[in-house]
Amino acid sequence: MDLTSPKTIKNIQSKFGFTFKKGLGQNFLTSSAVLDDITDAAEIDGGVIEIGPGFGVLTQRLSEAADKVVSVEIDERLIDVLEYTLADCGNVKIIHGDVLKLDLHKLIAEEFPEQKISIAANLPYYITTPIITRLLEERLPINNIVVMVQKEVAERLQARPGTKDYGTITVMCRYYTEPEIITIVPSGLFVPPPKVDSAVLRLRLLDKPRVDVKDEKIFFRTVKSAFLQRRKTLLNCLASSFGLSKTELTQIMEAVGIEPSRRGETLDINEFAALSDGLTERIK
Ligand code: SAM
């Protein structure tokens with residue numbers, strides 16, 4: 001069954017009385033070439049978890065490339081559809097659930113014991129950042145995350161210090177991964193088409209975080225505080241978040257070679273690490 005064909009999509013819609021739910025980010029991919037790009041970029045070595053299979057167009061490809069695919073779909077109406085469209089894919093297991101609520105460590109331990117897996121998805125755009133944040137923060141045993149996201153989001157995840165796109169999620173992705181835009185995908189390649197263009201992004205997990213920090217919680221607290229009020233200087237942002245006097249903070253910043261008048265968005269990841277280590281020594 002060719003699920004990239006708009007005609008097949010229409011037929012399935014009428015067979016199951018299915019209408020797209022905008023609120024669940026249901027924009028289905030119809031490009032065979034992009035499906036290949038996602039599957040290749042995922043560098044599947046055994047197992048893969050897919051988020052949001054929809055009608056199963058990507059699931060079919062993943063099923064060919066992997067020993068086992070576990071796909072998590074929130075929309076109950078799609079469970080019967082997937083049973084029909086994936087009838088020939090014996091290595092696919094569909095789980096009805098919300099990827100933001102599932103215990104992913106447990107799922108991986110049960111479905112892929114002793115394995116490092118890939119994650120692949122054409123993500124629902126309304127929850128892109130929470131999903132990526134969760135996948136990274138939970139330190140799951142994964143090699144690669146390959147996701148279709150809005151083009152702007154992909155650019156944000158790759159942004160350089162000092163640009164308006166640079167933010168907490170950029171630093172988080174650089175901390176845990178090597179981010180790479182694989183390809184840009186025009187909105188016309190989806191049914192129904194979303195309002196903006198998209199991009200396939202690969203986040204290749206590093207063996208260990210890019211920078212060594214004394215305390216990871218304080219590192220991320222420093223980063224989040226620095227971007228909370230982008231127009232303010234680092235000194236002002238951090239003083240209120242860490243409850244330190246400006247004199248104390250100036251001393252800490254000068255000791256690690258960071259000018260107190262700088263704005264958070266100009267710091268690269270090494271500077272954030274140095275600053276958070278300085279703060280850790282002072283407040284612990
Ligand atoms: N994989 C299909 C494709 O490429 O055509 C569908 C992708 S569509 C952009 C996103 C899918 O994610 C939809 O099937 C939607 O129902 C599902 N979804 C939305 N929120 C979800 C959540 N919290 N957990 C799991 N799936 C979700």
Side-chain angles (χ1 to χ4, degrees), residues 1-13 16 18-42 48-66 69-86 89 92-104 107 111 118-135 138 140 145-151 153-154 182-183 185-201:
M1 196 180 311
D2 178 11
L3 296 170
T4 60
S5 147
K7 197 167 158 222
T8 311
I9 294 175
K10 275 225 164 70
N11 287 342
I12 295 172
Q13 279 193 273
F16 289 90
F18 183 87
T19 47
F20 295 106
K21 268 195 191 157
K22 212 174 159 193
L24 289 179
Q26 291 178 338
N27 303 98
F28 293 178
L29 187 57
T30 60
S31 162
S32 206
V34 176
L35 290 167
D36 286 342
D37 289 340
I38 297 175
T39 310
D40 291 348
V48 59
I49 292 183
E50 183 195 13
I51 300 164
F55 280 0
V57 71
L58 175 60
T59 328
Q60 279 182 336
R61 297 297 172 103
L62 298 172
S63 155
E64 284 164 18
V69 185
V70 173
S71 299
V72 181
E73 174 56 61
I74 199 170
D75 188 345
E76 197 173 6
R77 302 171 306 157
L78 286 169
I79 305 303
D80 286 346
V81 179
L82 287 162
E83 232 169 71
Y84 168 73
T85 56
L86 302 175
C89 303
V92 175
K93 177 169 180 177
I94 303 293
I95 293 183
H96 175 220
D98 180 345
V99 73
L100 290 176
K101 297 195 180 137
L102 277 182
D103 182 339
L104 293 172
L107 185 142
E111 301 292 342
S118 301
I119 306 238
N122 172 12
L123 283 183
Y125 292 166
Y126 73 109
I127 43 170
T128 300
T129 305
I131 292 176
I132 292 178
T133 304
R134 177 154 194 230
L135 295 176
E138 290 212 4
L140 301 162
I145 302 172
V146 179
V147 281
M148 177 88 74
V149 296
Q150 286 181 27
K151 187 168 155 250
V153 174
I182 303 292
T183 186
V185 185
S187 65
L189 295 181
F190 297 85
V191 172
K195 287 208 174 73
V196 289
D197 288 341
S198 300
V200 175
L201 176 81

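Any value given below was found using the heavy atoms of this structure, including those in side chains, with hydrogens, waters and symmetry copies removed. Read the numbers this way: they start at 1 and go in the same order the structure lists the ligands and their atoms.
Judged purely by distance below 3.5 Å, without hydrogens or angles, the side chains of Q26 and D75 pair a donor atom with an acceptor atom. Judged purely by distance below 3.5 Å, without hydrogens or angles, the side chains of Q150 and S198 never pair a donor atom with an acceptor atom.
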Note every protein N or O atom lying under 3.5 Å from an N or O atom of ligand 1, pairing the names and giving the distance.
unit_1	atom_1	unit_2	atom_2	d
ligand 1	1 (N)	G52	O	2.8
ligand 1	1 (N)	P53	O	3.2
ligand 1	4 (O)	N122	ND2	2.9
ligand 1	5 (O)	L29	N	2.9
ligand 1	14 (O)	G54	N	3.3
ligand 1	14 (O)	E73	OE1	2.7
ligand 1	16 (O)	Q26	NE2	2.9
ligand 1	16 (O)	E73	OE2	2.6
ligand 1	20 (N)	Y126	OH	2.9
ligand 1	23 (N)	D98	OD1	2.9
ligand 1	24 (N)	V99	N	3.1
ligand 1	26 (N)	I74	N	3.4

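Among residue pairs with one or both ends in residues 26-35, none qualify as salt bridge (charged side-chain N to carboxylate O under 4.0 Å, His left out); sequence neighbours excluded.
Note that CZ of R61 is 7.0 Å distant from OG1 of T4, once rounded to the nearest 0.5 Å.
Just one residue in the list F16, F55, F18 forms a ring-ring contact (aromatic ring centres under 6.0 Å, His included) with Y84, and that residue is F16.
Residues Q13 and T19 approach most closely at NE2-CA, 4.1 Å, considering heavy atoms.
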